[in-house]
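To start, the structure itself, in structure tokens.
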Amino acid sequence: MPRTYVVTGSASGIGATTTRILRERGERVIGIDLRDAEVEADLSGATGRVEAAAKALELAGDTIDAVIACAGISAPIPATISINYFGVTELLEHLRPGLVASDAPRVAVVSSMASLQPNSREMVEAALAGDEAKAMQIAADLAAQGPEVGYLVYPSSKRALARWVRRSSITPEWAGHGIPVNGVAPGTVLTPMTEKLLSTPEGRAMVDAAVPMPLNHHQPPESIAHLLIWLTSVENSHMAGQIIYDDGGADASLRGDDIWSWNDPA
Ligand code: NAI
């Protein structure tokens, strides 16, 4: 029996690759994207999220077995926090009734190794508090200071999303309904998002300095798609709130070998 998946960002990059592999395996996919998708919607605003969820639920026949949220942008603009954080979390809230109706519901989102980079704590806290207007205002203030400071918007959106995954995954709304919620944090993936940046030696040098990938260097979208598919498979019954750094070793290079001593006695 095929499972019904909702995949956001299904028209390009990681979302398109995930959609293709799922369909090749005989699963049913309802894609959500700005264009070239079963549900054409803009996830940057509250109305678009409500409409996208309603249409996806209608197409699914009210039962959704898994949601894989890939849609996102990396530009140093306020829309980045709206799409990357609220376009995932609010949409998931709207889709939850469909997941609750499934025998084996699963959720996986795409964060980033950028969640480890410098970010705006204030913006992360505003997002986690559900205050989109405030988060966007902070993003606008940062963006107004030029692209270097504006870049903070992207890591902030991915840090907030990673923290939302951890805190939500153990609540009655998600764990209580038997829904594993997890995330993937890619390194540098070869998709349209990174194409321009990686097309010059200077761009590549900048990216590689920030994202060290000692294992196999830049990754194809398939490397992320396969993990998203496992996280949302029936086999994944007990993983909750994990952000899997599938990043060629960037996390291990940057954070080192000891991420456990935080709770050791002094
Ligand atoms: P991509 O640009 O190839 O695909 C993103 C998709 O999201 C596009 O089809 C786009 O139309 C859709 N989208 C953007 N704004 C939208 C909106 N307002 N409403 C609906 N759909 C919208 O990018 P890629 O590389 O596949 O990225 C997928 C996810 O992976 C993003 O969340 C990105 O931040 C994340 N990521 C990507 C990395 C990379 O190196 N490419 C590294 C780490 C994370």
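For ligands, and for the atoms within them, numbers begin at 1 and follow the listed sequence. Just so you know, these numbers come straight off a predicted model, no measurement behind them.
- Side-chain contact of E122 with S120: a donor-acceptor pair under 3.5 Å is absent, judged by distance alone.
- When non-hydrogen atoms are compared, ligand 1 lies under 4.0 Å from the backbone of I14 as well as from its side chain.
- Among the atoms of L43, some N or O lies under 3.5 angstrom from an N or O of ligand 1.
- Considering backbone and side-chain atoms together, C70 places an N or O closer than 3.5 Å to an N or O of ligand 1.
- For the pair V189 and ligand 1, the shortest N or O to N or O distance falls below 3.5 Å.
- I224 and V67 are members of different hydrophobic clusters when ILVMFWY side chains are connected at heavy-atom separations under 4.5 Å.
- Ligand-side atoms of ligand 1 in range of S44: 18 (N), range being under 4.0 angstrom from any heavy atom.
- Defined by atom type and a distance below 3.5 Å, a donor-acceptor pair is present between the side-chain atoms of Y245 and S115.
- By the criterion of a heavy-atom distance under 4.0 Å, the backbone of T188, and not its side chain, is placed next to ligand 1.
- Looking only at protein heavy atoms, the nearest one to atom 24 (P) of ligand 1 is T191 OG1, 3.6 Å.
- Under 4.0 angstrom from ligand 1, the non-hydrogen atoms of K158 all belong to its side chain.
- Contacts with ligand 1 closer than 4.0 Å are made by heavy atoms of both the backbone and the side chain of L34.
- Checking each of R23, R28, K55 against E38 for a salt bridge (Lys or Arg N to Asp or Glu O under 4.0 Å) leaves exactly one that passes, namely R23.
- To the nearest 0.5 Å, atoms CD (Q219) and OG1 (T191) are separated by 10.0 Å.
- Looking at ligand 1, you won't find any N or O of T194 less than 3.5 Å from one of its N or O atoms.
- For atom 34 (O) of ligand 1, the closest heavy atom belonging to the protein is Y154 OH, 2.8 Å.
- Residue I73 has at least one heavy-atom neighbour below 4.0 Å for each of these atoms of ligand 1: 14 (C), 15 (N).
- For the residue pair I14 and T18, the shortest heavy atom distance occurs at O-OG1, 2.7 Å.
- Not a single heavy atom of S74 lies less than 4.0 angstrom from ligand 1.
- If you check each of G187, S10, S112 against atom 42 (C) of ligand 1, the one with the closest non-hydrogen atom is G187.
- Minimum interatomic distance between T232 and L228 (heavy atoms only, all atoms of both residues): OG1-O, 2.8 Å.
- Here is the list of ligand 1 atoms found below 4.0 Å of a heavy atom in D42: 17 (C), 18 (N), 19 (N).
- Taking all atoms of both residues into account, the shortest heavy-atom contact from A75 to T80 is O-OG1, 2.5 Å.
- In this structure, the protein non-hydrogen atom closest to atom 8 (C) of ligand 1 is D33 OD2, 3.6 Å.
- Contact annotation: for T8 versus ligand 1, there are no heavy atoms closer than 4.0 Å.
- Contact annotation: for S111 versus ligand 1, heavy atoms closer than 4.0 Å belong to the backbone alone.
- Counting heavy atoms only, V110 comes closest to atom 35 (C) of ligand 1 of the residues N84, T18, V110.
- Under the 3.5 Å distance criterion, with hydrogens and angles disregarded, a donor-acceptor pair is assigned to the side chains of D141 and Q137.
- Across all non-hydrogen atoms, the minimal contact from A69 to V88 is CB-CG1, 3.8 Å.
- Taking each heavy atom of A37 and G31 in turn, the nearest pair found is CB-O, 3.6 Å.
- Using a 4.0 angstrom heavy-atom cutoff, A41 counts as in contact with ligand 1.
- The atoms of ligand 1 that sit less than 4.0 Å from any heavy atom of G13 are 3 (O), 26 (O).
- In this comparison of G9, A69, S115, S12, the heavy atom closest to atom 1 (P) of ligand 1 sits on S12.
- Nearest heavy-atom pair across A240 and S169 is C-OG, 3.8 Å.
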